[in-house]
Amino acid sequence: LHYPLRRQRQMCIRDRYGNALCSESGGVLPENIPVIWKQFGVDAYLDGSKNLEHIAEAVESGKAVSVGVNAGKLYESDNIENIDLNDCYGDGGANHAIGVMSCARDAITGNLTHFYINDTGRDLARDACRKVKVVDFLQAFNVKRGVAIISKKPISVSYTHLRAHETRSN
């Protein structure tokens with residue numbers, strides 16, 4: 001998955017054989033994301049079902065969730081800055097990753113209405129926890145290469161854990 005609006009050189013994590021798990025632009029193949037998460041102590045799996053209820057249940061139970069989306073389709077419904085989105089569509093498939101932080105349900109029916117996402121692709125403060133309608137989320141997610149990466153257990157990340165990993169990486 002690539003980050004079309006953010007072209008900066010990023011440090012790349014390597015697997016146990018020394019192979020790079022990402023490109024210089026920061027792009028990562030979905031199948032490499034669970035390997036990267038594992039290096040931070042988080043067991044995860046790929047879910048290609050595109051089942052929104054499964055994603056909602058995962059975040060509601062405290063699991064970490066990241067999904068591959070088409071950036072252009074994601075930004076169509078929230079583009080008050082009038083950013084030129086032509087470069088954001090790519091081949092129409094997933095080309096960007098977002099974190100799914102939470103969801104909202106109708107109080108009476110229990111049906112999903114919104115997802116709250118963390119999106120670093122545009123460097124906008126409001127994208128840190130943006131509320132996205134389910135229909136807009138599905139439009140961006142229901143594309144080729146659109147997969148979810150879900151932790152196997154609820155997560156708890158501590159500053160101590162991150163510092164320990166940073167020390168091991170240097």
Side-chain angles (χ1 to χ4, degrees), residues 1-15 19-38 40 42 44-60 63-106 111-152:
L1 303 175
H2 289 274
Y3 304 84
L5 297 178
R6 195 175 175 150
R7 303 264 187 230
Q8 60 185 0
R9 188 178 178 105
Q10 300 182 6
M11 201 167 110
C12 187
I13 293 178
R14 298 185 177 278
D15 67 14
N19 300 314
L21 296 174
C22 57
S23 68
E24 284 189 24
S25 69
V28 179
L29 294 173
E31 58 268 19
N32 289 340
I33 296 173
V35 177
I36 294 170
W37 285 16
K38 179 72 173 169
F40 287 91
V42 178
Y45 64 95
L46 287 177
D47 177 356
S49 70
K50 296 185 176 39
N51 183 325
L52 299 186
E53 191 60 41
H54 190 205
I55 292 170
E57 290 170 0
V59 296
E60 288 170 332
K63 295 178 181 176
V65 178
S66 178
V67 297
V69 297
N70 181 277
K73 291 181 179 187
L74 179 67
Y75 300 148
E76 283 176 359
S77 63
D78 181 17
N79 190 17
I80 59 175
E81 292 79 14
N82 292 317
I83 296 169
D84 181 2
L85 298 178
N86 286 330
D87 291 339
C88 297
Y89 292 100
D91 66 1
N95 58 2
H96 183 59
I98 57 173
V100 182
M101 312 311 293
S102 185
C103 62
R105 295 181 179 273
D106 181 276
N111 293 334
L112 283 170
T113 60
H114 295 84
F115 282 101
Y116 290 88
I117 66 168
N118 180 293
D119 179 4
T120 61
R122 301 187 295 182
D123 291 327
L124 299 174
R126 73 172 188 279
D127 285 348
C129 191
R130 181 159 43 104
K131 187 177 183 180
V132 178
K133 293 178 186 176
V134 168
V135 66
D136 295 333
F137 183 93
L138 184 59
Q139 177 182 325
F141 177 56
N142 193 21
V143 296
K144 62 185 172 184
R145 298 184 308 275
V147 297
I149 297 88
I150 301 174
S151 66
K152 294 180 180 178

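Residues take their numbers from the sequence shown, with the count starting at 1. Here the structure is a predicted model, which is why all the values come from computation and not from measurement.
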Practice task
Tell me whether the guanidinium CZ or amine NZ of R122 lies under 6.0 angstrom from the six-membered ring centre of Y75 and within 45° of its axis.
Solution key: yes
Looking at [atom1] of [X] and [atom2] of [Y], how far apart are the two atoms once the value is rounded to the nearest 0.5 Å?
{"X": "I150", "Y": "S66", "atom1": "CD1", "atom2": "OG", "answer": "10.0 Å"}
{"X": "N142", "Y": "N70", "atom1": "CG", "atom2": "CG", "answer": "11.5 Å"}
{"X": "Q139", "Y": "S77", "atom1": "CD", "atom2": "OG", "answer": "7.5 Å"}
{"X": "S49", "Y": "I55", "atom1": "OG", "atom2": "CD1", "answer": "7.0 Å"}
{"X": "N79", "Y": "C88", "atom1": "CG", "atom2": "SG", "answer": "8.5 Å"}
{"X": "R130", "Y": "L124", "atom1": "CZ", "atom2": "CG", "answer": "8.5 Å"}

Handout entry: side chain to side chain contact (heavy atoms under 4.5 Å, CB included) between K152 and V42, worked out
Key = CA-CA 8 Å; K152 294 180 180 178; V42 178; over 6 Å; no
Handout entry: Residues H54 and D47: side-chain donor-acceptor under 3.5 angstrom
Key = yes
Handout entry: K133 NZ: over 12 foreign heavy atoms closer than 6.0 Å
Key = no
Considering only heavy atoms from C-beta outward, does the side chain of [X] approach that of [Y] to under 4.5 Å?
{"X": "I149", "Y": "V67", "value": "no"}
{"X": "L112", "Y": "E53", "value": "yes"}
{"X": "V134", "Y": "F115", "value": "yes"}

Problem - N/O donor-acceptor pair under 3.5 Å between R145 side chain and A94 backbone - result: yes
Exercise for the section: Without swapping roles, check the side chain of K50 against the backbone of G146 for a donor-acceptor pair under 3.5 Å. Expected result: yes
Problem - Pair L74-I98, side chain to side chain contact (heavy atoms under 4.5 Å, CB included): steps then yes or no - result: CA-CA 10 Å; L74 179 67; I98 57 173; 3.9 Å; yes
Under 3.5 Å donor-acceptor pairs involving side-chain atoms of residues 28-38, not counting sequence neighbours:
from: N32; atom 1: ND2; to: L21; atom 2: O; distance (Å): 3.4
from: K38; atom 1: NZ; to: D43; atom 2: OD1; distance (Å): 2.7

Exercise for the section: Identify whether the distance between the nearest side-chain nitrogen and carboxylate oxygen of E57 and K63 falls below 4.0 Å. Expected result: no
Problem - NZ/NE/NH1/NH2 to OD/OE distance under 4.0 Å, K73 and D136 - result: no
Practice task
Could you go through the side chain to side chain contact (heavy atoms under 4.5 Å, CB included) check for F137 and L52 one step at a time?
Solution key: CA-CA 9 Å; F137 183 93; L52 299 186; 3.7 Å; yes
